[in-house]
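Counting starts at 1 for both ligands and their atoms, in listed order.
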Amino acid sequence: MTRRKLVAGNWKMHGVARDLGEITRISMASETLSDIDVALCVPATLLERAVDAAPGFAIGGQDVHAEPRGAFTGSISAAMLVDAGARLVIVGHSERREAFAEENAMVAAKAAAALGEGLDVIVCCGESLAVREAGSALETVGRQIVESLPEAADPQTLSIAYEPIWAIGTGKVAGPSEITAMHAHLRGELGKARGELFAGATKILYGGSVKGENAGEILHLADVDGALVGGASLTADQFIPIMNAAVR
Ligand code: PGA
């Protein structure tokens, strides 16, 4: 099964008006790469302007509330993301799981809400250093992803990002054997939970200190279908080489 690669940037809490030019440059470069998909997930405050700065390019959010509306101060619904022009959203990033106590069931509910509004979804998973050192990374992340998948998951609209927490923003990258072992394990768990067709069609991205220098190796490992990129997605100069590396 050939899966089209997806290179998605996660701007986290970065990005104001003066950064819109980077989005334009990234979107223009992506137009020349017809074999892969590229997206940028920006702060909610920048969504509409990012869409305007990059017509036709996939702009996304970084989180969504599971409920459609209500008294949830500071939160954003899936319909609001769509209204602002978003085409996708990240759910269950480890920074939200840790800082906002988001459990698997909540992540699945958020993903369901987003899919219900027609957004594509990237569901994140990944283990802490303590879990890796205890030897239970495969089991922990496998359970995390199966429990974080919504009922209505469809490989056309839902992707998974494996991001070891100890590799995020640290400059430490998981080794090729750690990445391929985890991605193969996750595909196996998806197969058991949702069937082989689902598992074979679902994109599994790697995230954690992906840069231009290491992207070529990571993006062509077995079972790696793209990258979720934090720091190196903030400028076109750093992100475009990662996009290029995804193209064989
Ligand atoms: P990083 O972040 O590329 O800066 O390590 C990745 C992520 O958290 O999605």
Side-chain angles (χ1 to χ4, degrees), residues 5-15 19 22-23 26 36-44 46-47 50 58-64 86-102 107 110-111 114 119-129 131-132 137 140-141 144-145 148 158-176 178-179 182-183 186 203-221 224-246:
K5 289 203 194 304
L6 168 63
V7 178
N10 172 12
W11 273 26
K12 308 191 181 185
M13 201 169 72
H14 301 279
D19 302 308
E22 301 295 334
I23 298 177
I26 289 166
I36 63 163
D37 293 318
V38 182
L40 282 178
C41 295
V42 300
L46 211 57
L47 276 172
I59 296 291
Q62 301 170 6
D63 179 46
V64 63
R87 286 210 230 144
L88 71 153
V89 65
I90 297 169
V91 296
H93 191 283
S94 60
E95 286 155 15
R96 293 206 59 92
R97 287 179 184 265
E98 287 194 337
F100 300 93
E102 293 190 4
V107 173
K110 287 176 175 223
L119 291 164
D120 287 358
V121 173
I122 299 174
V123 182
C124 300
C125 57
E127 81 286 0
S128 64
L129 190 56
V131 166
R132 167 119 337 232
T140 302
V141 182
Q144 209 180 25
I145 206 59
S148 300
L158 180 139
S159 306
I160 286 165
Y162 166 57
E163 302 198 300
I165 295 169
W166 47 272
I168 295 178
T170 57
K172 270 192 197 170
V173 185
E178 289 167 320
I179 298 175
M182 180 62 79
H183 282 226
L186 293 180
K203 291 192 225 308
I204 306 179
L205 319 183
Y206 171 79
S209 299
V210 176
K211 313 262 178 257
E213 303 84 62
N214 57 27
E217 181 182 15
I218 294 169
L219 282 162
H220 297 287
L221 292 171
V224 174
D225 307 309
L228 183 56
V229 184
S233 70
L234 292 172
T235 64
D237 282 350
Q238 290 181 86
F239 196 50
I240 291 170
I242 300 174
M243 292 155 50
N244 287 335

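Ligand 1 places these atoms under 4.0 Å from at least one heavy atom of G169: 1 (P), 4 (O), 5 (O). In the vicinity of G231, heavy-atom distances shorter than 4.0 Å reach the ligand 1 atoms 1 (P), 3 (O), 4 (O). Those atoms of ligand 1 that come under 4.0 Å of a heavy atom in H93, given as number and element, are 7 (C), 8 (O), 9 (O). Those atoms of ligand 1 with a heavy atom of N10 less than 4.0 angstrom away are 9 (O). When each atom of ligand 1 is checked for a heavy atom of L228 under 4.0 Å away, the hits are 9 (O). Each of the atoms 5 (O) of ligand 1 lies under 4.0 Å from some heavy atom of G208.
Not a single donor-acceptor pair under 3.5 Å links the side chain of Q238 to the backbone N or O of K211.
Classified by interplanar angle (parallel below 30°, tilted 30° to 60°, perpendicular above 60°), the ring pair Y162/H183 is perpendicular.
Side-chain contact check for D63 versus K110: some heavy-atom pair is nearer than 4.5 Å. Residues S94 and I168 meet the side-chain proximity criterion, which asks for heavy atoms closer than 4.5 Å.
Contact between S209 and ligand 1 is present, with at least one heavy atom of the residue lying under 4.0 Å from the ligand. The shell of residues lying under 4.0 angstrom from ligand 1, judged by heavy atoms, excludes K211.
Between E102 and V107, the shortest heavy-atom contact is OE1-CG2, 4.2 Å.
Considering A232, G126, G9, G230 only, the shortest heavy-atom separation from atom 3 (O) of ligand 1 involves G230.
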Next on the checklist: If you apply the rule side-chain contact (heavy atoms from CB on, under 4.5 Å), what do you find for E127 with W166, and how did you get there?
Outcome noted: CA-CA 8 Å; E127 81 286 0; W166 47 272; 3.0 Å; yes
Checklist entry - Going through the distances and angles, do R96 and I90 end up as a side-chain contact (heavy atoms from CB on, under 4.5 Å)? => result CA-CA 10 Å; R96 293 206 59 92; I90 297 169; over 6 Å; no
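In terms of protein heavy-atom proximity, atom 7 (C) of ligand 1 is closest to E163 OE2, 3.1 Å.
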